[in-house]
Amino acid sequence: MKIALWMIGKTDLEYLKAGMQIYEKRLERYFPFEKLTLPDVKRSKKSSPSYVKEAESKLILSKLQSGDALVLLDERGRTFSSTDFAQYMEQQLYQSHRRLIFLIGGAYGFSDEVYKRAIQKISLSKMTFSHQMVRLIFLEQLYRAMSILNNEPYHHE
């Protein structure tokens, strides 16, 4: 199974790009990993949040394949401890998904169609983070989960 991180819009800040690259490289030890940056929706000042969500939804749904499992990173999702997330990942790795895709949406969240297609919503915190910060935080937690599952000394309790 491939694990993928999909994101709406580019990562602009160099320190976040550098941090993401560190964890992307580390993750390749455990499974095939891919990152996909979906372009921001072109909009004008008159574009409503619902217009943006629908346009992003069409793009997301057009890229999904039938064997994909979609997990949304969403502020209203389920929260995990790092060890609980590791157990969640272990369960997912034994499923028959072709790809397990974690999706970080745009500024306005997801459309109803994307919510319906998802198998899970995960929240990284009750706090709000910028979409660019979430990318690095999630990659670190994904790496931490894999290190826990492999009994490596990265995580301490």
Side-chain angles (χ1 to χ4, degrees), residues 1-25 27-28 31-82 84-89 91-93 95-146:
M1 172 190 326
K2 268 189 185 174
I3 307 288
L5 176 61
W6 289 9
M7 306 161 287
I8 302 289
K10 294 179 183 175
T11 305
D12 297 328
L13 302 170
E14 290 302 319
Y15 76 95
L16 292 175
K17 287 181 192 178
M20 290 171 63
Q21 288 172 351
I22 289 168
Y23 291 106
E24 290 167 31
K25 185 144 185 77
L27 287 169
E28 291 173 355
F31 43 70
F33 178 77
E34 67 183 23
K35 178 179 73 174
L36 176 64
T37 302
L38 301 166
D40 283 315
V41 171
K42 296 203 186 307
R43 56 187 179 206
S44 68
K45 290 182 181 181
K46 296 179 184 178
S47 298
S48 69
S50 60
Y51 166 80
V52 173
K53 283 197 300 191
E54 289 304 318
E56 289 173 352
S57 171
K58 287 178 185 173
L59 182 58
I60 293 162
L61 295 172
S62 75
K63 301 271 184 210
L64 289 171
Q65 300 170 5
S66 62
D68 293 341
L70 180 64
V71 177
L72 305 179
L73 294 173
D74 185 277
E75 62 190 11
R76 293 168 299 207
R78 178 179 170 191
T79 57
F80 291 93
S81 68
S82 293
D84 290 340
F85 182 61
Q87 291 172 354
Y88 173 79
M89 284 303 300
Q91 292 169 355
Q92 293 305 310
L93 291 170
Q95 300 298 316
S96 61
H97 312 304
R98 200 164 145 247
R99 291 187 299 182
L100 178 61
I101 300 168
F102 293 92
L103 175 62
I104 301 170
Y108 301 115
F110 304 106
S111 71
D112 290 340
E113 293 83 13
V114 172
Y115 278 117
K116 288 176 189 169
R117 178 63 171 78
I119 64 165
Q120 179 80 49
K121 294 183 296 188
I122 293 176
S123 173
L124 295 177
S125 174
K126 290 183 180 184
M127 294 181 182
T128 301
F129 301 114
S130 75
H131 284 78
Q132 291 196 30
M133 290 290 286
V134 166
R135 298 164 187 201
L136 177 57
I137 293 166
F138 176 74
L139 286 171
E140 190 279 335
Q141 284 299 300
L142 186 56
Y143 172 72
R144 182 176 297 275
M146 298 315 297

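This structure is a prediction, so every number in the text was calculated from the model and none was measured.
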Inset, instruction - For Glu54, check salt bridge (charged side-chain N to carboxylate O under 4.0 Å, His left out) against everything at least two apart and list the hits. - result: none

Inset, instruction - Please identify each residue that fulfils salt bridge (charged side-chain N to carboxylate O under 4.0 Å, His left out) with Asp84, with sequence neighbours left out. - result: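 Here no residue qualifies.
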
To the nearest 0.5 Å, what is the distance between [atom1] on [X] and [atom2] on [Y]?
X	Y	atom1	atom2	value
Glu56	Leu38	CD	CG	9.0 Å
Ile8	Ile60	CD1	CD1	4.0 Å
His97	Leu70	NE2	CG	10.5 Å
Tyr88	Ser81	OH	OG	14.5 Å
Ser82	Leu142	OG	CG	11.5 Å
Ile3	Leu27	CD1	CG	9.0 Å

Legend entry - All pairs passing side-chain hydrogen bond (donor to acceptor under 3.5 Å, both in side chains) where residues 10-21 contributes a residue, at least two apart: Thr11-Arg135, Asp12-Gln132, Glu14-Lys17

Inset, instruction - Indicate the ring-plane relationship of Phe110 and Tyr115, choosing parallel, tilted or perpendicular according to the 30° and 60° boundaries. - result: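 Perpendicular: the ring planes of Phe110 and Tyr115 meet at over 60°.
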
Inset, instruction - Classify the ring geometry between Phe85 and Phe138 as parallel (under 30°), tilted (30 to 60°) or perpendicular (over 60°). - result: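 Perpendicular: the ring planes of Phe85 and Phe138 meet at over 60°.
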
Inset, instruction - Check each of Glu28, Arg99, Glu24 against Glu34 using the side chain to side chain contact (heavy atoms under 4.5 Å, CB included) test, and report the only one that passes. - result: Arg99

Legend entry - Salt bridge flag under 4.0 Å for residues Arg144 and Glu140: yes

Inset, instruction - Might you confirm whether atom CZ of Phe31 has over 12 heavy atoms from other residues, nucleotides or ligands at distances under 6.0 Å? - result: yes

